[in-house]
There are 2 protein chains.
Amino acid sequence: MIDKTSPLPIYYQLVEWIKGLIERGELKPGDSLPSEREYAERFSISRMTVRQAITELVNGGYLYRQKGVGTFVAEKKIEQQLMGLTSFTEDMKSRGMEPSSKLVGFEIVPAPSYISHQLNIMEHAPVYEIKRIRLADGIPMALEKTYISANLVKGLTEETVQHSLYHHIENQLAIKIEEATQVLESSVATQQEAEYLNIQKGAPILLIQRNTKLADDTPLEVVKSSYRADRYKFMITLKR
Amino acid sequence: MIDKTSPLPIYYQLVEWIKGLIERGELKPGDSLPSEREYAERFSISRMTVRQAITELVNGGYLYRQKGVGTFVAEKKIEQQLMGLTSFTEDMKSRGMEPSSKLVGFEIVPAPSYISHQLNIMEHAPVYEIKRIRLADGIPMALEKTYISANLVKGLTEETVQHSLYHHIENQLAIKIEEATQVLESSVATQQEAEYLNIQKGAPILLIQRNTKLADDTPLEVVKSSYRADRYKFMITLKR
DNA sequence: TGCATCTACTGGTATAGACAACTGTACTTA
DNA sequence: TAAGTACAGTTGTCTATACCAGTAGATGCA
């Protein structure tokens with residue numbers, strides 16, 4: 001576990017070890033860690049060294065401390081960030097509206113060629129196509145289409161999709177989400193989008209495409225969201 | 001400077017003090033700090049306490065360390081982030097294109113009402129209106145209009161604008177840029193935009209508006225950029 | 001002159017110990 | 001029963017010290 005003769009710093013070995021426990025799911029979000037003193041004793045190292053390791057993990061967002069109580073595993077980071085940036089739910093709530101979601105399509109289809117390319121699978125290989133309408137106060141705001149390779153993620157059901165898709169995926173694959181890229185562009189509504197969103201064909205649309213990758217660089221999903229431009233703006237805040 | 005009887009932790013006092021030096025410009029980007037040992041001696045505190053303070057500032061992006069050499073003041077953070085997210089220059093270069101910029105308007109005008117509102121000034125108060133066209137490989141990609149209160153920033157010239165606007169502003173105001181908000185939306189080209197960008201009126205446009213605030217919460221500028229939707233997409237990457 | 005070496009400095013890692021501040025639980029007391 | 005108290009355990013802060021590793025400049029030699 002900890003090798004004092006290694007050229008790698010002790011605190012760094014501890015960082016990597018704990019990170020591993022979290023990534024392999026042996027420590028789950030909300031779990032408490034052994035106390036700093038316990039780690040120090042267990043590995044026969046100084047408590048300050050343990051603190052250095054834990055401080056790194058806290059800064060990295062893996063853990064959080066609670067004075068007088070203990071140290072705990074934090075929620076997963078990317079999911080947080082994805083939320084922070086694109087969560088329809090959060091956005092709408094902050095504007096005082098009531099968000100909801102309606103599943104309007106769930107099937108396995110042969111991948112359209114540009115999707116197969118982005119998911120790095122064979123053309124026409126089977127993919128889940130999950131269509132949702134996002135509403136705020138009951139008004140349609142966006143059409144969201146999610147594509148996931150059916151050979152990669154198995155056993156998706158309408159049930160799963162309605163609840164925690166990410167959780168199901170990470171559990172099944174035992175590989176964590178590593179990176180997400182979002183591309184925003186301006187476009188005009190297609191016939192299909194116009195129907196679902198209750199607008200004119202050709203009306204301005206904000207297209208947001210998110211590509212999510214796993215830790216081993218496998219593309220996991222492509223999510224295409226079409227937002228009504230008259231009702232939705234995308235906001236980012238940068239703080240010093 | 002450092003008050004050992006204060007209820008505030010010593011390392012925290014040191015963090016705030018150094019942060020103050022940087023924000024007041026007494027320490028400029030690239031400047032070297034006294035060594036950790038020197039700080040420890042000067043304030044009669046332990047070197048580990050000094051390290052704790054400096055580590056915080058390093059994590060916060062204010063400083064960076066160089067082993068065997070010293071500790072230095074980092075470049076300003078927001079400017080970096082603004083660059084990372086919206087820099088036309090960076091974006092175009094990464095796509096292998098040659099970015100350039102053409103100043104097409106520089107005048108002082110009475111603020112349009114929505115601008116005066118966002119800059120928190122009187123309606124019709126004078127503002128600089130700076131119009132630029134952004135080009136890639138000589139092709140117009142975006143029209144960018146910047147509004148800055150003329151009562152806040154004085155003595156702007158066409159010269160200054162062509163070079164380092166931010167630098168000039170921070171020097172003159174002695175207040176740092178604190179926060180920036182970006183709003184992206186989809187729209188269609190107005191007559192003016194169509195002319196400048198050489199597209200049809202009504203063609204899809206990606207509107208990006210950036211509002212920058214100073215540390216004391218004064219709005220500094222409003223930048224409205226209109227990008228050709230057929231040529232420009234906005235990308236964000238989230239890494240774990 | 002040019003190269004190697006020495007030296008004095010920097011930050012990086014690690015120890016062992018001390019006390020403070022905070023929290024939850026178990027116990028005592030009115 | 002309800003409120004207060006004591007205690008044990010946690011993280012937070014701080015000290016004094018030691019040695020390692022990297023860097024730059026001075027020194028000395030061929």
Side-chain angles (χ1 to χ4, degrees), chain A residues 1-19 21-22 27-75, chain B residues 1-19 21-22 27-75:
Chain A
M1 230 105 82
I2 300 295
D3 175 9
K4 290 207 184 186
T5 70
S6 161
L8 295 170
I10 295 175
Y11 83 92
Y12 179 78
Q13 295 179 45
L14 188 52
V15 164
E16 290 304 312
W17 182 67
I18 295 176
K19 213 187 274 185
L21 290 180
I22 296 173
L27 280 173
K28 290 186 182 61
D31 284 1
S32 77
L33 265 73
S35 76
E36 297 173 356
R37 282 179 176 82
E38 198 179 324
Y39 269 136
E41 210 172 322
R42 190 193 299 180
F43 299 122
S44 302
I45 57 179
S46 163
R47 187 187 150 213
M48 287 303 279
T49 304
V50 175
R51 267 190 81 75
Q52 191 178 355
I54 291 180
T55 300
E56 276 221 357
L57 289 163
V58 168
N59 288 335
Y62 290 90
L63 305 176
Y64 64 93
R65 294 199 252 232
Q66 217 172 321
K67 197 202 287 203
V69 185
T71 305
F72 306 87
V73 179
E75 293 301 319
Chain B
M1 229 105 81
I2 301 294
D3 175 10
K4 290 205 183 185
T5 70
S6 161
L8 296 170
I10 295 176
Y11 83 92
Y12 180 77
Q13 295 179 45
L14 189 51
V15 164
E16 290 304 311
W17 182 68
I18 295 177
K19 211 187 274 185
L21 290 181
I22 295 172
L27 280 174
K28 291 188 181 58
D31 283 2
S32 76
L33 266 72
S35 75
E36 297 174 355
R37 286 173 177 83
E38 197 180 324
Y39 270 135
E41 208 172 325
R42 190 192 300 180
F43 299 121
S44 302
I45 57 180
S46 164
R47 184 183 152 213
M48 287 303 280
T49 304
V50 175
R51 268 189 80 77
Q52 190 178 355
I54 290 181
T55 300
E56 275 221 358
L57 289 163
V58 168
N59 288 335
Y62 290 89
L63 305 176
Y64 63 93
R65 293 199 253 232
Q66 219 171 319
K67 199 203 290 204
V69 185
T71 305
F72 305 87
V73 179
E75 293 301 318

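Chain identifiers are assigned alphabetically (A, B, ...) following the order of the sequence lines, protein sequences preceding nucleic acid strands; residue numbering begins at 1 within each chain.
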Requested in this report: Please round to 10 degrees the angle between the axis of the first five pairs and the axis of the last five pairs in the helix from C:dT1-D:dA30 to C:dA30-D:dT1.
Outcome: 10°
Report task. Establish, with yes or no, whether the OP1 or OP2 oxygen of C:dT15 is under 4.0 angstrom from a side-chain nitrogen or oxygen of A:Thr49. Result -> yes
Would you tabulate the pairs of protein nitrogen or oxygen atoms and nucleotide nitrogen or oxygen atoms of nucleotides 17-23 of chain C closer than 3.5 angstrom?
none

Requested in this report: Looking only at non-hydrogen atoms, find the nearest pair between B:Tyr64 and B:Val73 and report the distance.
Outcome: CE2-O, 3.6 Å
Query raised in the report: Is a side-chain N or O of A:Glu56 found less than 3.5 angstrom from the main chain of A:Val15, in a donor-acceptor match?
Result: no
Requested in this report: Please state how far atom OH in A:Tyr39 lies from atom P in C:dA14, giving the value in whole angstrom units.
Outcome: 17 Å
Requested in this report: Starting from P on D:dA21, measure out to CG on A:Leu8 and report it in whole angstrom.
Outcome: 13 Å
Requested in this report: Round to a whole Å and report the spacing from CZ of B:Phe43 to C1' of D:dC14.
Outcome: 16 Å
Report task. For the side chain of A:Lys4, starting at C-beta, report the closest nucleotide among C:dG12, D:dG12, C:dT15. Result -> C:dT15
Report summary line: Taken to the nearest whole Å, CZ/B:Arg51 to P/D:dA18 is 18 Å
Query - Check: A:Thr49 side chain, A:Ile45 main-chain N or O, donor-acceptor pair, under 3.5 Å - result: no
Report task. Would you classify B:Ile54 as touching base, sugar-phosphate or nothing, given that sugar-phosphate means primed atoms plus P, OP1 and OP2, and contacts are heavy atoms under 4.0 Å? Result -> nothing
Query raised in the report: For B:Leu63 and C:dT10, what is the distance between atoms CG and C1' respectively, to the nearest whole Å?
Result: 15 Å
**Report entry** Along DNA chain C (nearest heavy atom to each residue), the more 5'-positioned of A:Ser44 and B:Ser35
**Finding:** B:Ser35
Query - Nearest listed nucleotide, side chain of B:Tyr11, among D:dC14, D:dG12, C:dA14 - result: D:dC14
Requested in this report: Calculate the interatomic distance between B:Glu36 atom CD and C:dT10 atom C1'; express it in whole Å.
Outcome: 8 Å
Query - Atom-to-atom span, CG of B:Leu33 to C1' of C:dC9 - whole angstrom - result: 16 Å
Query raised in the report: Is a side-chain donor or acceptor of A:Gln66 paired with a backbone partner of A:Thr71 at a separation under 3.5 angstrom?
Result: no
Query raised in the report: Do B:Glu75 side-chain atoms and B:Pro29 backbone N/O form a donor-acceptor pair below 3.5 Å?
Result: no
Query raised in the report: So, is A:Thr71 near the phosphate of D:dT11, with a side-chain N or O under 4.0 Å from OP1 or OP2?
Result: yes
Query raised in the report: Stepwise, does the ring-ring contact (aromatic ring centres under 6.0 Å, His included) test hold for A:Trp17 with A:Tyr12?
Result: CA-CA 8 Å; A:Trp17 182 67; A:Tyr12 179 78; over 10 Å; no
Report summary line: Among C:dG12, D:dG12, D:dC14, the one nearest any side-chain atom of A:Arg65 is D:dG12
Requested in this report: Classify the nucleic acid contact of A:Tyr12 as base, sugar-phosphate or nothing, counting any heavy atom under 4.0 Å across all strands shown.
Outcome: nothing
Query raised in the report: Rounded to whole angstrom units, what separation is found between the CD atom of A:Gln13 and the C1' atom of C:dA14?
Result: 13 Å
Query - N-O pairing of A:Arg37 and A:Glu41 below 4.0 Å - result: no
Report task. With rounding to the nearest 0.5 Å, note down the distance linking CD in B:Glu38 to CZ in B:Arg42. Result -> 5.5 Å
Query raised in the report: With no hydrogens and no angle check, is any side-chain donor or acceptor of B:Asp31 less than 3.5 Å from a backbone partner on B:Lys28?
Result: yes
Report task. Not counting sequence neighbours, which residues clear salt bridge (charged side-chain N to carboxylate O under 4.0 Å, His left out) with B:Glu16? List them please. Result -> B:Lys19
